[in-house]
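Treat the numbers as computed from the prediction; the structure is a model and nothing was measured.
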Amino acid sequence: MNAGTQAVWAGEKDYLVHSATQVPVVLSVAYGYDDMDEWYDVATGKKQGHIYGRNTNPTVQSFEDKVKILEGAEAATSFSTGMAAVSNTLATFLVPGDRIVSIKDTYGGTNKIFTEFLPRQQIEVVLCDTGDHGQIEKEVAKGCNILYLESPTNPTVKITDIERMAKAGKEAGALVVVDNTFATPLLQNPLSLGADLVIHSATKFLGGHADALGGVVCGSEDLVGKIYHFREINGATMDPMAAYLMLRGMKTLHLRVRQQCENAMALSKYLQTEDLVEGVYYPGLITHPNHEIAIKQMKDFGGMLSFAVKGGIDTVRVLLPKLEFANRAANLGAVETTVGPARTTSHIECTPEERAAMGIPEGLIRVSCGIEEIEDIIADFKQAFLHVKDVLKV
């Protein structure tokens, strides 16, 4: 079955009731049993069912099943946010004295875990230059409990060879974790490339409408079971209404992503012609340093791009407010085009010095392409750039 069809149908049949064609929102906190032995069997996992909303919920489970099927995984468990998925996964498997290897270009919140929180727990963190596969392999070979990757990265849209890095991780006995938020399960499946676990901020492309928070982790039953146990005790549970909105949003995932990919490619090509643009970063461009790797491991290049402008933040301040068909907001993956500099979106938690060390200039603008007609989006950017030239006299 094609992924687009699975996005519509997968994971829902077992949760339909009363001849409904849509999975219901089950808001009950608790689930009652008259038979004490049946209650015990459900509570101890000997029999399928639900006992308490912090542990499991039918609507949430349907969402988990859909993502699990799309990623080709044995199991999935969900969370209240994408960062809850990241932090719970790391906390499940890392203990003091462990060593984690990752890249410098991870999402800002993830980077903060690496640079601020894990070192407090006496966990060694090594951040390698993104794209320097040799450096990553060398550090992993020294000893590594977790190899954590993100591809494409947020916001610089860099690409890592997942298959090559997963092989290195396995040889070192490391758990290989990949954040697949930018690519979505439709464009890239890290598990098939050798990863052990794949993470999504479901808030983004999976939900697609900027109206629900959530995260999800997919992998083997054994690994996901351990993460689920940590999550059920620590309580970062996905809300049933959020799960319903995710399910509804995912029915159009293949349509949205297809249009977003087309728009991102067209907008990237246009931005390359603008004389106020210093660089355009999109893996679909042949100028992207890892274009060939993206071709190898992705079905398309995604709806995310970034570009750097001459004049830095001064240009950003004039350019972005002039855009008519773009939300200036700290989100991505929605049906509307969304723009913003890394300093107020992906890496707001970081200092200017920390962003500079990661190769993120203050004048870098992240663009999450929506599903609008691309002619209108390009025309919108053109008039905004003309406004900048007029105001700044450049």
Test: Glu137 and Arg164 ion pair at under 4.0 Å:
yes
Could I get the full list of side chain to side chain donor-acceptor pair (under 3.5 Å) partners for Arg99, not counting sequence neighbours?
Glu124, Glu139
Residues which pass side chain to side chain donor-acceptor pair (under 3.5 Å) with Glu12, listed by chain and number, not counting sequence neighbours
Lys66, Lys251
Indicate whether any N or O donor in one side chain lies under 3.5 Å from an N or O acceptor in the other, for Thr59 and Ser62.
no
Looking only at side chains, do Ser78 and Glu64 share a donor and an acceptor under 3.5 Å apart?
yes
Evaluate the criterion ring-ring contact (aromatic ring centres under 6.0 Å, His included) for residue pair Tyr244 and Phe63; output intermediate values, then yes/no.
CA-CA 8 Å; Tyr244 168 79; Phe63 163 72; over 10 Å; no
I'd like to know if the side chain of Thr130 pairs up with that of Asp105 as donor and acceptor (distance under 3.5 Å, no hydrogens or angles considered).
yes
I want to know whether Tyr33 and Tyr40 have ring centres closer than 6.0 Å.
no
Are Thr181 and His200 close enough that a side-chain donor and a side-chain acceptor fall under 3.5 Å?
no
Taking Lys322's backbone N and O only, do any of them form a donor-acceptor pair with Gln383's side chain (distance below 3.5 Å, no angle check)?
yes
Using 4.0 Å as the upper bound for N to carboxylate O, is an ion pair formed by Glu292 and Lys296?
no
Between Thr106 and Thr110, is there a donor-acceptor pair closer than 3.5 Å when you use the side chain of the first and the backbone of the second?
no
Donor-acceptor contacts, no H, no angles, side chain residues 202-213, under 3.5 Å, sequence neighbours left out:
residue, atom, partner, partner atom, Å
Thr203, OG1, Gly214, N, 3.0
Thr203, OG1, Gly214, O, 3.3
Lys204, NZ, Ser201, OG, 2.9
His209, ND1, Gly207, O, 3.0

With sequence neighbours left out, write down each residue that passes salt bridge (Lys or Arg N to Asp or Glu O under 4.0 Å) with Glu221, or none if nothing qualifies.
none
Under 3.5 Å donor-acceptor, Asn88 side chain and Ala85 backbone
no
Does Asp129 have any salt bridge (Lys or Arg N to Asp or Glu O under 4.0 Å) partners at least two apart in sequence or in another chain, and if so, which?
Lys104
Output all residues satisfying side chain to side chain donor-acceptor pair (under 3.5 Å) with Asn180, sequence neighbours left out; order by chain, then residue number.
Glu71, Gln188
Give a yes or no answer on whether the side chain of Thr252 reaches the backbone of Gly249 with a donor-acceptor pair at less than 3.5 Å.
yes
Cut-off 3.5 Å, side chains only: do Gln61 and Asn57 have a donor facing an acceptor?
no
Cut-off 3.5 Å, side chains only: do Thr287 and Gln272 have a donor facing an acceptor?
yes
Decide if atom CD1 of Ile286 counts as having more than 12 heavy atoms of other residues, nucleotides or ligands within a radius under 6.0 Å.
no
